[in-house]
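All values reported here derive from a predicted model rather than from experimental measurement. Reminder, nothing fancy here: chain letters follow the sequence lines and each chain counts from 1. All heavy atoms count here, side chains included; hydrogens, waters and symmetry mates do not.
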Amino acid sequence: MKKLLFILFIVVSVPAFSQNLTTLEYSMGFGTGDMGDFIDKPSFRGFTLDYRRLVQPNVGVGFEGGWNVFYSEESYAVYTQENVSLGGRQWRYQNQVPLLFAADYYFHPDETINPFVGLGIGTMYSRRNTDMGQYTLEEDAWHFALRPEVGVMYEVNPEFGFSLTGKYYYGFEAGDLKEPMSYFALNIGFVFK
Amino acid sequence: MIMETKSRSIIAMAMLVILLAGCYPQGPDYVEDLDVVITDYKPSYDFAAKGTYAIPNKIVKITGDVIEGDEPQFMPDVTATAILTQIEKNMTALGWQKVAYDNNPDVLLTPAAWETTTVIYWYDYWYWWYGGYYPYWGWGYPSYSTYTTGTLLMRMVDPDVLTADGLPVIQWVGAINGILSYSYNATRMNTAIDRTFAQSPYLKTN
């Protein structure tokens, strides 16, 4: 918690470099681990919003918020637990909302093509719905979450560019969900400076 | 320039959110996709050692209050016969022989059904609060929709196995639940009945 407050302090107080980066990305998600077992189809519904304040020319700190919806329609199947069997089709939904403090390191901040790496830390909200018949089983959790990232920015002009990033979200076991929730996201977006 | 950049970013974000909200996954398209089949059984009961069953020729509807003196109501004969025929077909396939009720059957199979109707009622509820400030808005016309769900329950009891209170012990239960359509759909019902028995392979007799 102290570290989070320290990062927040840097974000709001360091005036040395006034330049900011606001990145809006379309996000495709690929579930891994338990989430991948629950929904094996990729998510094509998602976005992230990133804000970084450049505290050094090659270091940005800030925050990230996002949303990915995973969805699958299952064929008819029978689910058995002990003596009880339940047959039917399932519609599975999983909403992921990461809310993270984030820091990036830029390798070539003054060049047109600027690769970078980053790390996010914070929380991630998961809501899982399993719909069967007229009923839904809803499970949710607020996880402690980590998010490593690699990416590259392409500068079109000093105020605008494009981004391509790969992010891996890992939410530790929490709430109703008995396993960690994790997914990989491939994002493309716009960078506003 | 900074203001312009911020505006562009906000507009782009708003458009993306609207786009994503518009394509949120919508779920099932057909009413039969919502049919579910549930089965449960007593693993201690030796189904394989049994061989005969009796079944009534009507399907009772669970409605009203028979304890208060209401007469039991039954499903229309045409529908009940179709359902009973499909149940018997599955029992035969599992090796069971149908016998009359008074011919000492090993088990009794008792089907029953009930319906539940849900009404969704909607009106411009906010009018009570600020309608007075905008009197030309009015209450508007209320709208409502309904859907009726049906459940077919099949219970199997052994007349020789009773609780300490003298009540029958349910050895197997199969239930089918779905949204009712306007007319009886034999294919849909037969599929559900077949699935109920298919997911109960332990019912097979020697």
Give the member of B/T196, B/V173, B/I179 that has the highest number of heavy-atom pairs under 4.5 Å with chain A.
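Of the options given, most contacts go to B/I179.
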Given that the side chain runs from C-beta out, which part of B/I176 has a heavy atom under 4.5 Å from chain A: side chain, backbone, both or neither?
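No part of it gets close to chain A.
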Under 4.5 Å from any heavy atom of chain A, what part of B/D35 do you find: side chain, backbone, both or neither?
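B/D35 touches chain A through backbone heavy atoms alone.
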Electrostatic pair A/K167:A/E64 at N-O distance under 4.0 angstrom
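A salt bridge is present here (some side-chain N lies under 4.0 Å from a carboxylate O).
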Student check: side-chain heavy atoms of A/H143 and A/E173 closer than 4.5 Å
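Not touching, per the 4.5 Å side-chain cut-off.
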Any non-hydrogen side-chain atom of B/M75 less than 4.5 Å from a side-chain atom of B/K58?
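B/M75 vs B/K58: side chains apart.
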Which atoms of [X] are under 4.5 Å from chain B, going by heavy atoms: the side chain, the backbone, both sets, or neither?
| X | result |
| --- | --- |
| A/V69 | side chain |
| A/N95 | side chain |
| A/Y79 | neither |

Output yes when a side-chain donor or acceptor of A/S43 lies under 3.5 Å from a complementary backbone atom of A/R45, and no otherwise.
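Here the side-chain-to-backbone pair exists.
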Compute the ring centroids of A/Y71 and A/Y93, then answer whether they are less than 6.0 Å apart.
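Distance test on ring centres: under 6.0 Å, yes.
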